[in-house]
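The model shown is predicted, which means the values in this text are computed figures rather than measured ones. Below, read A as the first sequence line, B as the second, and so on, with proteins coming before strands; counting in each chain starts at 1.
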Number of protein chains: 2
Amino acid sequence: MNRDNTADKLGKSGSRSKGRVTLSDVAKVIGVSAITVSRALNDPEKVNPKLRVRIEQAVAELNYVPNRAARSLATSTTQTLAVVIPTISNTVFSNVLKGIYDYTTRHNYEVLFASTYYSLQNEEKLIAKLLAQHPDGIITTGLDITERSKAMLLSANIPLVQIMEVGTGDVIDMSVGFSHFDAGASMAKYLIEQGYRNIGFIGAQMDFRSQRRMQGFLSTLADAGLETDKYLLTTTTPSDIKLGGQLLADLMAKQPDVDAIFCNNDDLAYGAIFECQRRKLRIPEQIAIAGFNDLDASASINPSLTTVKTPLYEIGRSAAELLINTLKGRPILSKTLDLGFELIVRDSA
Amino acid sequence: MNRDNTADKLGKSGSRSKGRVTLSDVAKVIGVSAITVSRALNDPEKVNPKLRVRIEQAVAELNYVPNRAARSLATSTTQTLAVVIPTISNTVFSNVLKGIYDYTTRHNYEVLFASTYYSLQNEEKLIAKLLAQHPDGIITTGLDITERSKAMLLSANIPLVQIMEVGTGDVIDMSVGFSHFDAGASMAKYLIEQGYRNIGFIGAQMDFRSQRRMQGFLSTLADAGLETDKYLLTTTTPSDIKLGGQLLADLMAKQPDVDAIFCNNDDLAYGAIFECQRRKLRIPEQIAIAGFNDLDASASINPSLTTVKTPLYEIGRSAAELLINTLKGRPILSKTLDLGFELIVRDSA
DNA sequence: TCATCTAATGTTAGCGCTATCTTTTAAGAG
DNA sequence: CTCTTAAAAGATAGCGCTAACATTAGATGA
């Protein structure tokens, strides 16, 4: 790799520095003080337009790149938001992260993310690691959190948004999401209304939010006097499409009279639908399938999937917005934002 | 939000600091110098075990969180890798990013990412922004890059890995990927071998790599004396499942005698398969469908999808590994890593 | 003319950490 | 008991930037 040698030309090979071009290098070239260059870059109106132009040229010529670490140290702000999610390789969270990223980048903040892989112990370590970067704000997933994590977040003294759910547990600072319990309940209600009576549930991963969806779902079934445990099949194995087919197969082997299945997420539902296709089971006549999240494929699959649409991108966007508004001292209307969900009725149930 | 007041207790409310606990706070509490605390944390063997224990306790009690910005400034290393990808909300890149993240986090580096949304102009700006963080290394996507981006990357003087493809254009420093041209060619070869003669191609987004796949595909068709332009349908619209159905519909309307279609990626292929199902077209008897990437659903969909498996996670992992090995001064076997691809033959073609 | 104000620029110090060099303490060696 | 050596701890300065205050030049007006 060809290395740039501007710094060598500036004659600083002996110093502790890595030889990068600094503010005062630029300043020296023009013959002004470093602070003036700093102002020209950060507060342009404060410096004479002609000087500013000269400074900008010098910056471009020398290929000067500001050192954010030094800036952070001087201002005690990092222009960085930390994000803790379970995993990046799940469409649900990549959509959330996209929402965060898009808002954040427009407002000149950087995003540092970390994946817990659904472990609260990991989460603790990651929070500690991320806080060492002194982010200006932090986003974590879910309301279930260890005491130690909570203590660290509190003593970090920065705004925090807990995303994905509202309505359960204690919010530490702010939160954005929707009620998973209600979402599960609303799907149960819909299936009951459609006349299904032997209603099943298949779920994987079974993190806290999945459990809340299941609880909402089952309690509604119970209220209607329907079976809850009989048609229930869950595993803590991470969720994927293939697993959906397998869980459907297992459930049907155990309870052949099941007439509708709520899949804990769309991926499982896709797998279930594919398995039904293979078994030549007509959906929804012989068995109804419902999903959760309304991912991309749900509208296109055959039959199209009845599911619950969740505001993933918006959760991310709103969380970032809350943080940045807080940081800029703008008024926050509410510390808790329920973005709701929407039952999407299609052909599969 | 309840605020921690340890810092107030330490009596530093008048300073420029944000009131956080610092190394010398910890040092003062124990009655040693700051540098000793620093050593206890970064180079534990260098301090007396008994003292070390006391320091560790004080750190825990005071809830001390090191300031990475200060550390970066002092060491001119940030323990951060920058990643530039087209978009995070595409399974392809979220898998790559996961590979990067997993390796990186194990080696105590942070990841800063940015999305170009497939624009080289955006990429320029993002590279400039990311370099201001002085990452220790950087990963960018693709070998097509503007001169200005290249200049910035060169003068940043840090190791760089260009990911996703090898074998085309100039590599600036290192690269990891596979040949998209060859991958496209190999699918063409397979389809020809299977006896298809009116072979089509549908593609969306049509970024550089998609184009290279298409070129490889078409040139192989041409070599076999088959039509290339006639059964070709592409758009620069971002790719999604629904679009796959639409492109298939459009192509079949234009050229009803098409007997096989190579879809530029699996998402398009899923959409195409769903559309065929709706049209009651038997796959592969009436029309064969092939995809690219071998995403999760490809093995489960009906019929299961013949596709090209690409080493997405491994590309990310290897790129991170190359960077970190370079940074640690370990020998690099080769600056260019071709991880290849694999034709996965299933039922759809 | 001189005081008064504003705009533009400069000086100083410090953000929190660690590289580097120096000093102190402890442990052996003879 | 002194001398040598290693281990442990400290002092100092500096990484690159900007907050806070200080200075200078130029404009304004009575």
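Rounded to a whole Å, the CG atom of Asn42(B) is 10 Å from the P atom of dC17(C). What separates CG of Leu73(A) from C1' of dG14(D) is a distance of 12 Å, to the nearest Å. Nucleotide dT20(C) holds its C1' atom 14 Å from the CG atom of Asp43(B), rounded to whole Å. In this structure, Gln133(A) atom CD and dG16(C) atom C1' are separated by 15 Å, rounded to whole Å. Rounded to whole angstrom, the span from the CZ atom of Arg71(A) across to the C1' atom of dG16(C) amounts to 17 Å. The interatomic distance linking Leu41(B) (CG) with dA19(C) (P) rounds to 13 Å, in whole Å. As rounded to whole Å, 15 Å separates atom C1' of dA9(D) from atom CG of Leu23(B). Here dG16(D) presents its C1' atom at 12 Å from NZ of Lys28(A), a figure rounded to the nearest Å.
Helix-axis bend for the helix from dT1(C)-dA30(D) to dG30(C)-dC1(D): the local axis fitted to the five terminal pairs at one end deviates from that at the other end by 40°, rounded to 10°.
Residue pairs meeting the salt bridge (charged side-chain N to carboxylate O under 4.0 Å, His left out) criterion with at least one member in residues 32-45 of chain A, sequence neighbours excluded, are Asp43(A)-Lys46(A). Sorted by first and then second residue, the salt bridge (charged side-chain N to carboxylate O under 4.0 Å, His left out) pairs involving residues 154-166 of chain B (not counting sequence neighbours) are Glu165(B)-Arg209(B), Glu165(B)-Arg212(B). Applying the side chain to side chain donor-acceptor pair (under 3.5 Å) test to pairs two or more places apart or on separate chains, those with a residue in residues 109-119 of chain A are Tyr117(A)-Asp102(B).
Using modelled atom types, one finds no donor on one side chain facing an acceptor on the other under 3.5 Å when comparing Ser175(B) with Gln162(B). For the residue pair Thr87(B) / Ser89(B), a side-chain donor-acceptor distance below 3.5 Å is found, with atom types taken as modelled.
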Provide a list of protein-nucleic acid N or O atom pairs under 3.5 angstrom, restricted to nucleotides 6-9 of chain C.
residue: dT9(C); atom: OP2; partner: Asn48(A); partner atom: N; Å: 2.9

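Comparing dG16(D), dC17(C), dA19(D) by their closest approach to the side chain of Thr75(A) singles out dA19(D). For Asn67(B), whose side chain is taken as the heavy atoms from C-beta onward, the closest listed nucleotide among dT18(C), dC17(D), dG16(C) is dG16(C).
Under the rule for a salt bridge (Lys or Arg N to Asp or Glu O under 4.0 Å), Lys98(B) has no partner lying at least two apart in sequence or in another chain. Partners of Tyr103(B) under the ring pair (Phe, Tyr, Trp, His ring centres under 6.0 Å) rule, at least two apart in sequence or in another chain, are His107(B). Applying the salt bridge (Lys or Arg N to Asp or Glu O under 4.0 Å) test to Glu123(A) and every residue at least two apart in sequence or in another chain returns nothing. Under the rule for a side-chain contact (heavy atoms from CB on, under 4.5 Å), the partners of Lys125(B) that lie at least two apart in sequence or sit in another chain are Asn122(B).
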